[in-house]
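One-based numbering, in listed order, for ligands and for the atoms of each.
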Amino acid sequence: MLNFSLTRPERGIDHQIYLLNQAEDAQNLDLSDQELEYIKSELKPGSFVSLSRKPALSVASMPEANDYKGWEKARLLATKVAGINKGISLEIIADASEKAMAFAEGLALASYKFNKYFTKKEDDSLQSILLSGSFGEAHLQELNAVVQATFLARNLVNEPLSYLTAKRLGKEATKAGEKFGFKVEVLNKKKIESLKMGGLLAVNRGSIDPPSFSILEYKGEGATNEKPIVLVGKGVVYDTGGLSLKPTPNSMDSMKSDMGGAAAVIGAISAAAANKLPIHVIGLVPATDNRPGLNAYVPGDVVKMFDGSTVEVLNTDAEGRMLLADALAYAKNYKPDLVVDLATLTGAAAIAIGKYGVVAMGTAEEEDFHKLQVSGNTAYERIARFPFWEEYDDLLKSTIADQKNIGGREAGAITAGKFLEKFTDYPWIHIDIAGPAFLNAADHYRSQGGTGVGVRLMYNFLKSKV
Ligand code: BES
Ligand code: MN
Ligand code: ZN
């Protein structure tokens, strides 16, 4: 596991990288005239040059802009440097600016590999990153926590159903709680039945594996919020579509990632706890796989939900909203200040904006949407706010029950949100992460597979709320 450190590793450094604010600053480095000339002629803002030395030495010039766009450019630059530095120990020498932090973060995130299932593991990932210059203990701690929490979320998404069942997801949340310092209670099927979580149980009916409902709680010392913030994550450990079966191969191949929202919630609370944020957060993770087993729920079924309302199921592939609805209704028990749910909820969200951001909508105060937007820019997990007009409700009218679970082809991401809204009575934000949760090919520092999207976004957001 990669770690940032402020102390020199025993086995020494293989590659030093100087981060300069401008090429002229190279004058202050210990370089030959020839090297200095080379750097001055070659080094453009947002690029790097490598000198042939042992240990290797690279000089990178930070992008000019000192805003979130510049920070992202710094991450991308780091990705390029990481590309030529496999299996080694790096030293970053810089002043601890936001750009330098972003560079270090990008380098670490780019080094991620999910190699658990290879029988012969090639260890060509980065070993360690030494931060020299003005980085302090606090910077180091925060970077390590955020990177580790993102890796945790990526690991969870990358785990196939053959390992990560709903029950196991509860165990993994418990493990994260022990490691990072928060409480976890996992409700089993019997308990879920006694609570009458009809939405979660309906989806689970086609499965032979039991559902789970995990409750995470982190209350930092000196928590500033009286009422908790609740994060809800969709934990569909595999989505076949149920009887409304998805066509295979294409649309089912990556459906182990349908618990990306759950991974984001577990990761964000891990990061908050590791960094001891003075905040009170609850995480709720309803989990099951969605399968067309013998007793599976069928299109046309009417389901009585946890809150007592009824839903006509017209497509068993719209399963995420069934279990999120129960979790959102359960969240009322906490009299929350704010609830944010994260879910790989609709293909429509992915079609609308692609992998370039996440879709958000809801009923929270504008101030919270603004904080979310700023947090999203900082993490470069940007927010595309969708409308939430009441007319969309008409699309969910059922002839037999309080609501139907699909709204038709138009505005699919929004009608999913509108369905969920009925189960809330508090300020609420719904985030659909279907676009970026899982990538078929690496995108710079976001590796192929699970991206951990939502972890850095929600960590920044929680930080902005303290
Ligand atoms: N998990 C899917 C959404 C999804 C699709 C996530 C592609 C990531 C990539 C969700 O459960 C689903 O199947 N949604 C349906 C809803 C429809 C039946 C109303 C969809 O988007 O097609
Ligand atoms: Mn589905
Ligand atoms: Zn799904």
Side-chain angles (χ1 to χ4, degrees), residues 157-158 161 164 166 169 199-200 202-207 211 232-264 285-293 296-301 311-327 341-359 386 392 395-396 398 403-420 430-441 449-454:
V157 171
N158 287 332
L161 178 65
L164 197 79
L169 183 60
L200 176 55
V203 177
N204 181 250
R205 273 177 50 183
S207 175
V232 177
K234 173 177 172 181
V236 173
V237 288
Y238 198 86
D239 185 10
T240 69
L243 281 170
S244 312
L245 196 66
K246 289 181 185 294
T248 171
N250 294 324
S251 63
M252 217 186 281
D253 287 1
S254 61
M255 278 303 131
K256 65 174 183 180
S257 67
D258 212 15
M259 33 55 70
V285 176
T288 177
D289 53 332
N290 181 27
R291 287 217 207 210
Y297 76 143
V298 303
D301 268 352
V311 171
E312 178 188 15
V313 175
L314 285 177
N315 190 321
T316 62
D317 198 10
E319 84 296 341
R321 63 196 76 182
M322 299 296 288
L323 41 116
L324 285 171
D326 283 353
D341 78 76
L342 295 112
T344 48
L345 201 58
T346 64
I351 296 294
I353 67 161
K355 65 183 176 186
Y356 304 97
V358 301
V359 164
F386 273 23
Y392 292 112
L395 300 171
L396 292 166
S398 162
Q403 268 200 108
K404 53 183 184 179
N405 79 331
I406 51 167
R409 270 172 57 80
E410 289 174 1
I414 300 171
T415 50
K418 277 285 161 189
F419 177 90
L420 296 177
H430 162 56
I431 305 181
D432 196 328
I433 60 170
F438 186 94
L439 301 179
N440 289 321
T451 57
V453 69

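Only protein N, O or S atoms were scored, and 4 of them lie under 2.8 Å from the Zn ion (ligand 3). Within the protein, the number of N/O/S atoms found under 2.8 Å from the Mn ion (ligand 2) is 4.
The distance from the CG atom of D253 to the CG atom of N440 is 8.0 Å, given to the nearest 0.5 Å. Distance CG/L161 to NZ/K256: 10.5 Å, rounded to 0.5 Å. Note that CG of L420 is 8.5 Å distant from CD of Q403, once rounded to the nearest 0.5 Å. Note that OG1 of T240 is 5.5 Å distant from CE of M252, once rounded to the nearest 0.5 Å.
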Would you mind writing out a table of all protein N or O atoms found under 3.5 Å from any N or O atom of ligand 1, naming both atoms and giving the distance to 0.1 Å?
residue  : atom   : partner : partner atom : Å
ligand 1 : 1 (N)  : K234    : NZ           : 3.4
ligand 1 : 1 (N)  : D239    : OD2          : 3.2
ligand 1 : 1 (N)  : D258    : OD1          : 2.8
ligand 1 : 1 (N)  : D258    : OD2          : 2.9
ligand 1 : 1 (N)  : T344    : O            : 3.3
ligand 1 : 11 (O) : K234    : NZ           : 3.2
ligand 1 : 11 (O) : D239    : OD2          : 2.9
ligand 1 : 11 (O) : D317    : O            : 3.1
ligand 1 : 11 (O) : E319    : OE1          : 2.8
ligand 1 : 11 (O) : E319    : OE2          : 2.9
ligand 1 : 13 (O) : K246    : NZ           : 2.9
ligand 1 : 13 (O) : D317    : O            : 3.0
ligand 1 : 13 (O) : D317    : OD1          : 2.8
ligand 1 : 13 (O) : D317    : OD2          : 3.1
ligand 1 : 14 (N) : L345    : O            : 3.4
ligand 1 : 21 (O) : G347    : N            : 2.7

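Taking every heavy atom of both residues into account, S257 and V157 meet most closely at CB-CG1, 3.6 Å.
The pair E319-K234 meets the salt-bridge criterion, since a charged nitrogen lies less than 4.0 angstrom from a carboxylate oxygen.
Looking at N290, its side chain never comes within 3.5 Å of a backbone N or O of V236 through a donor-acceptor pair. Within the 3.5 Å criterion, the main-chain N or O of R291 finds no donor-acceptor partner in the side chain of Y238. Judged by distance alone, with hydrogens and angles left aside, the side-chain atoms of D326 form no donor-acceptor pair with the main-chain N or O of L323 at under 3.5 Å. Counting only distance, with no hydrogens or angles, the side chain of N158 and the backbone of G449 share no donor-acceptor pair below 3.5 Å. The backbone N or O of T316 sits nowhere less than 3.5 Å from a side-chain atom of N405 that would complete a donor-acceptor pair.
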Under 3.5 Å, which donor-acceptor pairs do the side chains of residues 343-354 form with other protein atoms, sequence neighbours left out?
residue : atom : partner : partner atom : Å
T344    : OG1  : D258    : O            : 3.3
T344    : OG1  : D258    : OD1          : 2.4
T346    : OG1  : A349    : N            : 3.1
T346    : OG1  : D432    : OD2          : 2.8

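At a threshold of 4.5 Å between non-hydrogen side-chain atoms, the residues T415 and I406 do not count as touching.
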